[in-house]
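Structure record follows, encoded as structure tokens.
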Amino acid sequence: MKKRIAVLGATGSIGKSSLDIISRESEFFEAVLITAHSKKDELEQLKNKWPSAVCVFSGEEGGEKKLIEAIKNVQPDITINGISGAAGLESSLATIEAGSNLALANKETIVMAGQLVLRLADEKNVKIIPVDSEHSAVFKLIEAHSSLKINEQKINEIILTASGGPFRKLSLKEMENVTAQDALAHPTWKMGPKITIDSASMANKGLEIIEACMLFNMPAEKIKVVVHPQSIVHSMIRLSNGVIYAQLSKPDMRHPIHDALHWPDTAPLNLDTLDFDSLTLEFEKPDTEKFPMLSLASEAVKKGGLYACAYNAANEEAVTAFINKKIRFLDIPKITGIVLEKDWALNYSDKETVLKADSDARLESVKIINKMA
Ligand code: NDP
Ligand code: MG
């Protein structure tokens, strides 16, 4: 039996890589649901290419409801959530409610509502398989670690690698005047615009610190970030005997997507392999003064409640304002920092409380942005 797969955000970077894996591996997979939000023409083309899949365009009146209904009706075996931003949360919740396993690229889901999402997945007996390359690597390393029977050794630390983005070598002064165009030139990964800007400010790594804490149930102190400009080592775990295990491959999101779709099995994948004859790997400490989004994320996760949700909302609003030339690049962490000074300590167990905090944090951010502009 082929696995029935839903691809949410099929017109995006993750969506396209997912459809590529599904067509390469058509003996294992079939696409049963394909969604898009603004690219109607592209969705029409996908309809022709995938005639048996249900196609949903969510970017019109009532579109969001249609998307949720489709997830419920189609009942996929596994759903890839490649929607960008906070908009992905509702779809993740609907996926879990529908009893479909969730291959999660949309990290915002876990950052905004980790507690709620993980509890619901547990109740519905649904597996969340990370697609974010770092978390996919850690997920695989933890699985390998337990099967190697070295689990008397505890996992002491998760080490997330970060490319450092296009501004790694700029001084703080030089970063004052960078443009969205500059921030969109990522050195190693080709991704959608929001996550690319987040990589430049290292907010992406901030979100990933929070994602790792939630997914792997580890305190923020045990999540380390190391800058690794080549993006070959996708992440590492350090065991209590001091030994570190790493996962390496060329930077290509089809690796984690393929792994997630096959879970709990594994299968071969024929992509470009690493050539050690022409490989240099570098590692350096992240500069937290240049990239305050890193420490703001660790603080948010330590404070708990809805701080992480507020971090995500403030950053999303600030990134939009930066793309629209209302604020400067270094204002992104300033705005996020000011929003996080408010009290977000609220405990939550329902979606409504999360969405209210998300919307409150956005209002706060917009107020600050308007004062700056
Ligand atoms: P893109 O911007 O390339 O694609 C986003 C997709 O989501 C598009 O298909 C878009 O539709 C759809 N979409 C946008 N807004 C909405 C909405 N409100 N409701 C429903 N669908 C919507 O993003 P990426 O593929 O780069 O990223 C997707 C997610 O995966 C993000 O959460 C990102 O952090 C995460 N991720 C991405 C990686 C990457 O390599 N790209 C790596 C790791 C994580 P349309 O195009 O029709 O507007
Ligand atoms: Mg990542």
Side-chain angles (χ1 to χ4, degrees), residues 6-20 33-47 55-60 62-68 70-71 79-92 94-95 102-112 129-139 158 160-165 184 186 188-199 202-212 215 223 225 228 231 233-235 247 250-257 260 312 315-316 319-320 323 358:
V7 182
L8 312 183
T11 42
S13 157
I14 290 289
K16 285 180 185 156
S17 297
S18 303
L19 288 174
D20 182 68
L33 174 62
I34 287 176
T35 80
H37 192 69
S38 67
K39 299 191 179 123
K40 212 170 189 168
D41 294 348
E42 258 186 57
L43 186 66
E44 285 302 321
Q45 287 167 17
L46 290 176
K47 254 187 202 170
C55 289
V56 174
F57 181 71
S58 62
E60 60 198 0
E64 217 170 276
K65 219 170 139 210
K66 260 193 345 204
L67 171 59
I68 303 298
I71 298 170
T79 301
I80 301 182
N81 189 345
I83 294 175
S84 53
L89 174 63
E90 295 270 8
S91 297
S92 289
T95 299
L102 177 60
L104 191 61
N106 179 267
K107 59 194 86 182
E108 294 83 353
T109 292
I110 292 290
V111 170
M112 292 172 74
I129 309 137
V131 168
D132 211 348
S133 57
E134 298 76 3
H135 305 73
S136 165
V138 172
F139 182 76
I158 288 175
L160 300 175
T161 49
S163 72
L184 284 167
H186 196 278
T188 48
W189 293 99
K190 202 174 171 316
M191 311 176 285
K194 159 70 174 38
I195 183 175
T196 307
I197 305 257
D198 282 351
S199 298
M202 292 195 81
N204 182 49
K205 214 47 58 182
L207 294 168
E208 290 183 359
I209 292 173
I210 304 170
E211 186 185 8
L215 284 177
I223 313 286
V225 172
H228 165 48
S231 304
V233 176
H234 298 303
S235 274
Q247 190 212 50
K250 282 202 168 169
D252 185 332
M253 286 309 290
R254 289 176 299 177
H255 280 295
I257 291 168
N312 178 64
N315 176 56
E316 251 182 58
V319 168
T320 306
I323 291 175
D358 175 71

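We're numbering straight along the sequence, starting at 1. Read the numbers this way: they start at 1 and go in the same order the structure lists the ligands and their atoms.
Under the 3.5 Å distance criterion, the side-chain polar atoms of Ser136 are left unmatched by any main-chain donor or acceptor of Asp132. Lys205 places no side-chain N or O within 3.5 Å of a backbone atom of Asp198 that could act as its donor or acceptor partner. In this structure a side-chain-to-backbone donor-acceptor pair under 3.5 Å is missing from His186 to Ser199. In this structure, Asn81 contributes its side chain and Ala103 its backbone to no donor-acceptor pair below 3.5 Å. Checked by atom type and distance alone, the side chain of Thr161 pairs as donor or acceptor with a backbone atom of His234 at under 3.5 Å. Checked by atom type and distance alone, the side chain of Ser58 pairs as donor or acceptor with a backbone atom of Ala36 at under 3.5 Å. Remark: side-chain polar atoms of Thr11 are not paired, donor with acceptor, to backbone N or O of Glu42 under 3.5 angstrom.
In terms of polar-atom proximity, Ile14 is counted as a contact of ligand 1, with an N or O under 3.5 Å from an N or O of the ligand. Between Trp189 and ligand 1, not a single N/O pair is under 3.5 Å apart. Looking at Ser38 next to ligand 1, an N or O pair under 3.5 Å apart turns up. Close N/O approach between Ser13 and ligand 1 is found [any backbone or side-chain N/O within under 3.5 Å]. Annotation: Lys39 places an N or O atom under 3.5 Å from an N or O atom of ligand 1; distance criterion only. At least one N or O atom of Glu108, backbone or side chain, sits closer than 3.5 Å to an N or O atom of ligand 1. In terms of polar-atom proximity, Gly9 is counted as a contact of ligand 1, with an N or O under 3.5 Å from an N or O of the ligand. In terms of polar-atom proximity, Gly192 is counted as a contact of ligand 1, with an N or O under 3.5 Å from an N or O of the ligand. Checking only distances, Thr35 never comes within under 3.5 Å of ligand 1, N or O to N or O.
Looking at Asp132 and the Mg ion (ligand 2) together, the shortest N, O or S contact belongs to OD1. Among heteroatoms of the N, O or S kind in Glu208, OE2 lies nearest the Mg ion (ligand 2). Distances from the Mg ion (ligand 2) to the N/O/S atoms of Glu134 are shortest for OE1.
For ligand 1, the atoms sitting less than 4.0 Å from at least one non-hydrogen atom of Ser58 are 19 (N), 20 (C), numbered in the order shown with element in parentheses. Taking every heavy atom of Met191 and a limit of under 4.0 angstrom, the matching atoms of ligand 1 come to 26 (O), 39 (C), 40 (O), 41 (N). Here is the list of ligand 1 atoms found below 4.0 Å of a heavy atom in Ala36: 47 (O). Each of the following atoms of ligand 1 lies closer than 4.0 Å to a heavy atom of Ala105: 30 (O), 32 (O), 35 (C), 36 (N), 44 (C). Counting atoms of ligand 1 from 1 in the listed order, those under 4.0 Å from a heavy atom of Ala87 are 17 (C), 18 (N).
The existence of a salt bridge linking Arg254 and Asp252 is confirmed by a sub-4.0 Å separation between a basic side-chain nitrogen and an acidic carboxylate oxygen.
When only modelled atom types and interatomic distance are considered, Lys107 and Asn312 share no side-chain donor-acceptor pair under 3.5 Å.
In terms of protein heavy-atom proximity, atom 14 (C) of ligand 1 is closest to Ser84 OG, 3.7 Å. The shortest contact between atom 13 (N) of ligand 1 and any protein heavy atom is with His37 CB, 3.5 Å. In terms of protein heavy-atom proximity, atom 4 (O) of ligand 1 is closest to Gly12 CA, 3.2 Å. Nearest protein neighbour of atom 43 (C) of ligand 1, counting heavy atoms only, is Asp132 OD1, 3.1 Å. Closest protein heavy atom to atom 34 (O) of ligand 1: Lys107 CE, 3.3 Å. Closest to atom 36 (N) of ligand 1 among all protein heavy atoms lies Ile195 CD1, 3.6 Å. Scanning all protein heavy atoms for the shortest distance to atom 6 (C) of ligand 1 gives Gly82 O, 3.4 Å. Of the protein's non-hydrogen atoms, the one nearest atom 42 (C) of ligand 1 is Met253 CE, 3.6 Å.
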Inset, instruction - Determine, step by step, whether Leu46 and Val7 satisfy the side-chain contact (heavy atoms from CB on, under 4.5 Å) criterion, reporting the C-alpha distance in whole Å, the side-chain angles of both residues, the deciding distance to 0.1 Å, and the verdict. - result: CA-CA 11 Å; Leu46 290 176; Val7 182; over 6 Å; no

Inset, instruction - Kindly indicate, with the supporting measurements, whether the criterion side chain to side chain donor-acceptor pair (under 3.5 Å) is fulfilled by Glu208 and Asn204. - result: CA-CA 6 Å; Glu208 290 183 359; Asn204 182 49; 3.2 Å; yes

Inset, instruction - Report the C-alpha distance between Ser133 and Trp189 in whole Å, list the side-chain angles of each, state the deciding distance to 0.1 Å, and finish with yes or no for side-chain contact (heavy atoms from CB on, under 4.5 Å). - result: CA-CA 11 Å; Ser133 57; Trp189 293 99; 3.8 Å; yes

Inset, instruction - Please report the C-alpha distance between Glu134 and Glu211 in whole Å, then the side-chain angles of each, then the deciding distance to 0.1 Å, and finally whether the side-chain contact (heavy atoms from CB on, under 4.5 Å) criterion is met. - result: CA-CA 10 Å; Glu134 298 76 3; Glu211 186 185 8; over 6 Å; no

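Partner Val111 forms a side chain to side chain contact (heavy atoms under 4.5 Å, CB included) with one of Ile209, Ile210, Asn315 and no other, that one being Ile210. Paired with Thr95 under the rule side chain to side chain contact (heavy atoms under 4.5 Å, CB included), one option of Leu102, Ile68, Leu104 passes, and it is Leu102.
Distances from atom 9 (O) of ligand 1 to the heavy atoms of Thr11, Leu8, Asn106 show the closest one on Thr11.
Side-chain contact between Ile195 and Ser84 is absent, with no heavy atoms from C-beta onward closer than 4.5 Å. Put simply, the side chain of Ile71 reaches to within 4.5 Å of the side chain of Leu8, judged on heavy atoms.
Remark: distances from the non-hydrogen atoms of Pro193 to ligand 1 include one below 4.0 Å. Remark: distances from the non-hydrogen atoms of Ala10 to ligand 1 include one below 4.0 Å. The closest approach between any non-hydrogen atom of Gly88 and ligand 1 is not below 4.0 Å.
The parts of Ile83 lying near ligand 1 are both backbone and side chain, judged by heavy-atom distances below 4.0 Å.
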